[in-house]
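Some notes on the structure that comes next.
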Amino acid sequence: MHKKPLIILAVETSCDETATAVVEGNGSDIRVLASVVSSQVTLHAKYGGVVPNLAAREHVTNILPVITEALEKSNTNEHAIDLLAVTHGPGLIPALLVGVDTMRTFAWLWEKPLLGIHHIEGHVYANFLSPNTDVTSEKDVFPLLALVVSGGHTQLMMMPRHGSYEIIGQTQDDAVGEAFDKAARLLGLPYPGGPAIAKHAELVEISDPSIRLPRPMLHSGDLNFSFSGIKTAVLTLIEKNASRKNDASFIASVAKEFQQACVDVLIKKTLSATEAFRPKTVVLAGGVSANLELRRQLGEALENTFPFIDYRVPPLTYSVDNAAMIASAAYFRWIHASADEQTRAFNAWKTLHADANAKLEN
Ligand code: KG4
Ligand code: ZN
């Protein structure tokens, strides 16, 4: 592994956050020097979800100020930057284009190498940011199992080494974050639904036994998921209890049961994958990894069944979309890159394209 510190400027605009970061990688220590996230949540909340063209317009307005802010906060400038990185997909194409074309321009102007990073690769590498430094001693980490839970993805992935991914299970329909958002909407809770459901669930100490939701595909015998059925079951539950629709304790009880149903399925499948693939490390990745119950209960389940496995969660601030995670992924890609791959990065200002359906490359 290279020992010279590497300074990376990264940008993420795949959805509704305009995010930039300056990160310093030094051996196995990946320190965030600055991370700026300009959120559009209040803008999109009134539509109950992200409006792609509105998001793009906001990114155009915000991108240069947030790049400047990250450089200022980290006390760096273009001369200090060794590498540029940007999310090239998947995501909303008008939103991705803003980040990609901005970084292509800087790559050309500053004559720097540029790496296009897959959004999910970024989420996984949030687990390698300081203070999770002990994860990064390579020999102990791999093979690594990642449970990826975001607004667009729900996957179990095995990584035999850095930059290598095998999807071993995934959702057949909605992503778990999407299910949180839709269930919240049915309960009259604000967007984004995940934090709102978690907050309401916390208000209930003992679950109401009359409020039960299914655990889809719990016993399917494979590593796949399904979350669209839980959402329909929430709707049925609300219709059956029409008189309690606005009752705060009913809403909180449904929120708690919904969260637990999702957590139960995620834990069961992760334990099955751990049993089958025997990883050294299990990491949680994606926006839903901000869910404290999921973090805690998955940790307990792994500790009980596989006490020798290292379980990691991203620092809470880097669970949801941010650019530090994109820089972290770029750092590991760069230090393991061949001479050819490095040359390609120097030409990326000409060749890099946003791809709404980007696939993880191995
Ligand atoms: O990774 P992310 O920020 O964006 C995507 O890549 O999709 O994930 C956003 C998702 C949303 O669906 C949001 O409701 C969910 O993560 N989320 C949560 C929590 N915080 C965010 N879900 C459950 N509990 C939370 N505390
Ligand atoms: Zn994300």
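The basis for the numbers below is simple: all heavy atoms, side chains too, and nothing from hydrogens, waters or symmetry mates. Remember, predicted model here, so these are calculated numbers, not experimental data. Whatever order the structure lists ligands and atoms in, that order sets their numbers, starting from 1.
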For atom 21 (C) of ligand 1, what's the nearest protein heavy atom and its distance? G287 O, 3.5 Å
Do any nitrogen or oxygen atoms of G194 lie less than 3.5 angstrom from nitrogen or oxygen atoms of ligand 1? yes
For H162 and Y125, I'd like to know if the aromatic rings sit close, meaning centre-to-centre distance below 6.0 Å. yes
Indicate the atoms forming the closest heavy-atom contact of F180 with G194, along with that distance. CD2-CA, 3.7 Å
Which heavy atom of V50 sits nearest a heavy atom of P52, and at what distance? O-CD, 3.4 Å
May I ask you to check whether C15 brings an N, O or S atom to under 2.8 Å from the Zn ion (ligand 2)? no
If we only count N/O pairs under 3.5 Å, is N291 in contact with ligand 1? yes
Specify the protein heavy atom at minimum distance from atom 11 (C) of ligand 1: its residue, its atom name, and the distance to 0.1 Å. D181 OD2, 3.6 Å
Is there a polar contact between ligand 1 and F180, counting only N or O atoms under 3.5 Å apart? no
Within reach of ligand 1, part of H119 (heavy-atom separation under 4.0 Å): side chain
I'd like to know whether ligand 1 has H123 as a neighbour, heavy-atom separation below 4.0 Å. yes
Check E17 against ligand 1 and report side chain, backbone, both or neither, counting heavy atoms closer than 4.0 Å. neither
Starting from atom 2 (P) of ligand 1, which protein heavy atom do you reach first, and at what distance in Å? D321 OD1, 3.2 Å
Non-hydrogen atoms of P195 versus ligand 1: any pair closer than 4.0 Å? yes
Return yes when at least one N/O/S atom of H119 is nearer than 2.8 Å to the Zn ion (ligand 2), and no when none is. yes
Ionic contact status for R215 with E257, cut-off 4.0 Å: yes
Would you check the N or O atoms of G151, main chain and side chain alike, for any that come under 3.5 Å of an N or O of ligand 1? yes
